[in-house]
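Working notes, beginning with the structure itself.
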Amino acid sequence: MSEPTAPQVPAMPALRRQALRHHLVNEIERPARRPRRMLVLAPAAGVLAVAVSAGAIAQPWAPEGAPLVVTVEQGDRSGATLLLNRMAAAAADRPGASSSEGAYVYIRSRGAFAVLGDGPARLQPVHDREIWIPRDERGDGLLRQPFFDMPIIGVIPQREKLTDVTPNAELVDLPSNPDALLEKLYRERDEGGRGNSRDGAAFTAIGDILRESLVPPRTTAALYQAAAKIPGVEVVRGVTDAAGRRGVAVAYTERSQRKEWIFDEQTYEYLGERSYLVADTADGPAGTVLGTTAVLQRAVVSNLGQRPER
């Protein structure tokens, strides 16, 4: 009798592997008793980009972790397709980074996230984050951010070498056709078998790519065009990122929570993300902010740990 063989397990998409390596994993289901925990903005292995000097820009929330409640504005579904297609056209016209500029993608950002449980969600103080991701070949990366001891995830050191990191080129190696791109994202969600709905998972996956990678103009345009095809995507105006910059948001709502990608209203440059409740829940009233981020710098550098000029 032959030895039994283990069932075949679908390969984990590169973006999800990258997220796990960064130690930022969100919970899918809540336990019956609600211990205090840190909320990570993107669900199910979303990558977070958050950072820069906490005192340099005024924080739009109290530093002691008080609840932040914003007005839940009515989203505009009819305008989402028009806005995203305009953004795609603008992105396609932007120049891309030269292949000879350096070996690492550097991203500097800031953000604050909520602790849930024992009452309404309360934002923690803003924190800084810098990450270096290999650009074209698999290798070591680097993460710098404040020391954390996060529930479930455990201790995240202030400086951490990331080994065998999926390169940026692989993360953004996506179909240029928006229909094919969206189908790929749906397929990866189906292979994962849990988490958000297919549309919610696709929205989250696109947000992960926009947040913590350096995306070629053609791919960026395809991402926006694919997002325009997701049912339920909305436009929300007059929103603010973690650096206090105002912009327009592309949003998706699921499970009483709205997630927003925030863009400059004139240039359509990606600014950051925001997540908040749209209905009263055990975590707080409608409008309770669960996470806010701002990407402040993207660059290509030659050496691991090297900072570009600001």
Side-chain angles (χ1 to χ4, degrees), residues 15 18-19 22-26 37-63 65 67-70 105-116 121-133 143-146 148 150 153 156 171 203-215 220 223 227 236 238-253 257-265 268-277 287-299 310:
L15 186 62
Q18 186 80 60
H22 295 173
H23 302 283
L24 295 169
V25 182
N26 191 33
R37 63 191 188 280
M38 181 79 76
L39 178 77
V40 175
L41 181 63
V47 183
L48 291 176
V50 277
V52 183
S53 51
I57 304 175
Q59 302 175 25
W61 54 85
L68 173 63
V69 179
V70 297
V105 171
Y106 167 86
I107 300 170
R108 180 170 59 96
S109 52
R110 74 167 10 175
F113 305 94
V115 171
L116 306 183
R122 300 176 69 86
L123 277 181
Q124 297 300 290
V126 68
H127 67 270
D128 301 349
R129 177 178 167 92
E130 295 174 290
I131 191 166
W132 288 258
I133 303 169
L143 174 67
R144 285 178 179 159
Q145 64 181 4
F148 286 109
M150 297 177 66
I153 297 173
I156 298 178
L171 295 178
F203 186 86
T204 295
I206 293 172
D208 288 345
I209 297 166
L210 294 174
R211 187 187 316 111
E212 197 154 82
S213 61
L214 188 63
V215 185
T220 302
L223 288 168
V236 181
V239 302
T240 305
D241 72 1
R245 301 173 298 190
R246 290 180 64 83
V248 59
V250 174
Y252 185 85
T253 300
Q257 184 179 152
R258 176 183 280 170
K259 294 178 173 64
E260 298 174 337
W261 312 328
I262 305 172
F263 301 90
D264 183 280
E265 204 155 5
Y268 302 133
E269 177 188 2
Y270 176 91
L271 300 179
E273 288 195 9
R274 188 172 68 166
S275 175
Y276 54 92
L277 300 175
T288 299
V289 175
L290 303 177
T292 176
T293 72
V295 174
L296 299 179
Q297 188 175 18
R298 298 180 199 261
R310 296 189 182 182

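Computed over heavy atoms, backbone and side chain alike; hydrogens, waters and symmetry mates excluded.
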(request) Sequence neighbours left out, what passes salt bridge (Lys or Arg N to Asp or Glu O under 4.0 Å) with R298? Give chain and number order. (result)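 So R298 forms no salt bridge (Lys or Arg N to Asp or Glu O under 4.0 Å) with any residue.
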(message) Under the rule for side chain to side chain donor-acceptor pair (under 3.5 Å), what residues qualify as partners of E269, not counting sequence neighbours?
(response)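 Residues passing side chain to side chain donor-acceptor pair (under 3.5 Å) with E269: none at all.
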(message) How long is the straight-line distance from CZ of R129 back to OG1 of T293, given to the nearest 0.5 Å?
(response)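 One finds 10.5 Å between OG1 of T293 and CZ of R129.
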(message) Let me confirm one number: the OG1-CG distance from T240 to L271, rounded to the nearest 0.5 Å.
(response) 10.0 Å
(request) Please list, chain by chain and in numerical order, all residues satisfying ring-ring contact (aromatic ring centres under 6.0 Å, His included) with F263, sequence neighbours excluded. (result)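 F263: ring-ring contact (aromatic ring centres under 6.0 Å, His included) contacts with Y224, Y270.
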(message) List the residues meeting ring-ring contact (aromatic ring centres under 6.0 Å, His included) with Y106, not counting sequence neighbours, and say none if there are none.
(response)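 For Y106, the residues satisfying ring-ring contact (aromatic ring centres under 6.0 Å, His included) (neighbours in sequence not counted) are W132.
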Test item: [X] and [Y] side chains (from C-beta on) under 4.5 Å apart, heavy atoms:
| X | Y | value |
| --- | --- | --- |
| V215 | I209 | yes |
| Y276 | V70 | yes |
| E273 | T292 | no |
| V248 | I262 | no |

(request) Report the residues that fulfil side-chain contact (heavy atoms from CB on, under 4.5 Å) with T253, sequence neighbours left out, ordered by chain and then residue number. (result)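 For T253 the side-chain contact (heavy atoms from CB on, under 4.5 Å) partners, ignoring immediate neighbours, are E234, R258, V278.
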(message) Run the side-chain contact (heavy atoms from CB on, under 4.5 Å) test against V69 and tell me which residues pass, sequence neighbours left out.
(response)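 In terms of side-chain contact (heavy atoms from CB on, under 4.5 Å), with neighbours along the sequence ignored, V69 is linked to P285, T288.
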(request) Flag the pair R274 and E260 as a salt bridge only when some basic side-chain nitrogen lies within less than 4.0 angstrom of an acidic carboxylate oxygen. (result)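 Looking at E260 together with R274, the answer is yes, because their closest N to O distance falls below 4.0 Å.
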